[in-house]
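First up is the structure itself, then whatever we jot down about it.
From a predicted model like this one, the values you see are computed outputs, not experimental measurements. Residue numbers begin at 1 in each chain, while the letters A, B, ... track the order of the sequences.
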Protein chains: 2
Amino acid sequence: MIKQQINTEKPNKTAEKILIAARKTFAEYGYSGTHVDEIAQRAGVNKATLYYQIGDKDTLYANVIHQVLGNIAQGIAPAVAGADSPEEKLKAYILFIADAVDKNPEIPPIMMREMAADGAHLPRVVVEDIVSVLKILVGILDEGRAKGIFIETVPFLIHMMIMGTILFYKKSSPIKDKQVWLPDDVKARDKKLKGSLGDEVAWLVLRAIKK
Amino acid sequence: MIKQQINTEKPNKTAEKILIAARKTFAEYGYSGTHVDEIAQRAGVNKATLYYQIGDKDTLYANVIHQVLGNIAQGIAPAVAGADSPEEKLKAYILFIADAVDKNPEIPPIMMREMAADGAHLPRVVVEDIVSVLKILVGILDEGRAKGIFIETVPFLIHMMIMGTILFYKKSSPIKDKQVWLPDDVKARDKKLKGSLGDEVAWLVLRAIKK
DNA sequence: GTACGGTTTAACCATATAGTTAAATAAATT
DNA sequence: AATTTATTTAACTATATGGTTAAACCGTAC
């Protein structure tokens, strides 16, 4: 994968349009399922413009994935630092992720496909981002256990529980709501969440790991 | 259960060889990323044979996905029925899923990609399978709540928590273990699971939803 | 207005890939 | 053994798709 970032100093309206179209298209169809022609068409731009402005399909994808997944890593550390107790920190951690996913609906499909592909297309920058997020969680769980608030857990499993729950729920609840195939008796039993998804997940995870 | 015999001894089971190769290839590269030629090559068979024996790419994929995802729905009801209390039933439910995923490593990537694609390629049979699994969980949670054992929950969220945790963990732990990019201090904090993944997830989920 | 540099475009190219066909081969049937 | 049927194969086709090119376009400085 060729990594090449576009010039963020000089904001380019055409490049912006292309990246937005690319983000949507990659999220919808995945890397292999996405056709460069469709990105160009959605962006309302000639294909050659796309190559002139950003580069080939790989570069396009690298930009999108960096833009989409980089956000979480950027903001999560300060968000967590604002809290005092391990409980509050974990809550802030989960709320931040849920909020980021809420604001970027492209995160779930893109992350799921990347995981399915063993991160084959992930640029190193993004991998480092992901690791930094995981490290923050490890810190929180560690502190909580040291203070006798949390039980002993396997951080990686807790991380997967948080991410898995949020991404799966976010991605599938619109389908569930729209689709006809879900029988009414199941739908009836399935109330809406009381609070936000982040609140609900934080509440469940805290119940699971608090002493 | 899926027969995982790679049978080069029996030259007659051409279709079997093809389906096994298809399953692996689709799991690895997804629908769009998979080339029919590669399946044929992996199966050690001419491409035309593949079309003669099974059909086009879509048919091939439908077969694979039915074979892979249908299993869970087949066995989970009897597995759960064997248990008495809601707690035991939920445990049996989670253990069965974890076990199925354990035996079929193709489940995580295929399900993740299907979710990412909003189930675009899912045949109706498979959708019905998935719904039937969800209905069993709803029944368990319902009974547990009626008996005052479980707190009130949103079944769909619990389902996503169980599936998300198991699939994400299963899919990413081999990467985590092998990859160099995970820093040692994170690895050090991250012990192996005490029991099986199913045990661990069941334990966490039960902690989360028990009164 | 015109010459120039950056930007966009239609048309084009090379290759990859899903799917087909007619012939060869193996298996079954008589 | 001869004939028919089922299965496999190499070669081929049509199309899709990532990527390129040379020309046109457009704003700006002179």
Side-chain angles (χ1 to χ4, degrees), chain A residues 1-65 110 113 117 120-123, chain B residues 5-65 110 113 117 120-123:
Chain A
M1 276 255 163
I2 306 151
K3 281 174 278 180
Q4 178 193 318
Q5 274 193 261
I6 59 136
N7 201 345
T8 39
E9 318 271 310
K10 200 171 89 182
N12 189 324
K13 208 160 185 196
T14 311
E16 201 68 21
K17 277 196 304 179
I18 294 168
L19 282 178
I20 289 168
R23 209 168 66 210
K24 287 180 188 167
T25 316
F26 281 128
E28 201 164 334
Y29 302 111
Y31 180 81
S32 318
T34 290
H35 308 315
V36 181
D37 290 272
E38 180 165 353
I39 296 176
Q41 199 189 323
R42 285 203 198 187
V45 150
N46 188 281
K47 183 165 55 163
T49 302
L50 182 152
Y51 277 87
Y52 174 81
Q53 291 282 352
I54 293 163
D56 63 5
K57 197 180 175 184
D58 281 356
T59 310
L60 211 40
Y61 186 72
N63 273 280
V64 165
I65 210 165
I110 288 181
R113 281 195 245 249
H121 314 301
L122 287 183
Chain B
Q5 47 178 208
I6 306 162
N7 212 338
T8 36
E9 323 283 295
K10 287 186 177 182
N12 288 357
K13 304 252 174 183
T14 313
E16 200 69 18
K17 279 197 303 177
I18 293 168
L19 281 178
I20 290 167
R23 208 168 69 209
K24 287 181 187 164
T25 315
F26 281 127
E28 200 165 337
Y29 301 111
Y31 180 81
S32 318
T34 290
H35 308 315
V36 181
D37 291 274
E38 180 165 354
I39 296 176
Q41 199 190 321
R42 284 203 198 186
V45 149
N46 187 280
K47 184 166 51 162
T49 301
L50 181 153
Y51 277 87
Y52 175 82
Q53 291 282 352
I54 294 164
D56 63 6
K57 199 181 174 183
D58 282 353
T59 310
L60 211 41
Y61 186 74
N63 273 282
V64 165
I65 210 165
I110 288 182
R113 280 195 247 248
H121 312 301
L122 287 183

The nucleotide from dT21(C), dA18(C), dT8(D) with an atom nearest the side chain of His35(B) is dA18(C)
Checking dA10(D), dG18(D), dG19(C) against the side chain of Val36(A) (C-beta onward), the nearest is dG18(D)
To the nearest angstrom, how far is [X] atom [atom1] from [N] atom [atom2]?
| X | N | atom1 | atom2 | result |
| --- | --- | --- | --- | --- |
| Lys13(A) | dG6(C) | NZ | P | 22 Å |
| Asp37(B) | dT9(D) | CG | C1' | 14 Å |
| Leu50(A) | dT20(D) | CG | P | 12 Å |
| Glu38(B) | dT17(C) | CD | P | 10 Å |
| Asp56(B) | dG19(C) | CG | P | 5 Å |
| Ile54(A) | dT20(D) | CD1 | P | 15 Å |
| Lys57(A) | dA16(D) | NZ | P | 16 Å |
| Tyr51(B) | dT13(D) | OH | C1' | 13 Å |

Correct closest heavy-atom pair for Asp56(A) and Thr59(A) would be OD1-OG1, 2.8 Å
Assert: residue with more 5' nearest nucleotide on DNA chain C, out of Tyr52(A) and Lys47(A), is Tyr52(A)
More than 12 non-hydrogen atoms from neighbouring residues, nucleotides or ligands closer than 6.0 Å to NZ on Lys24(A), yes or no? no
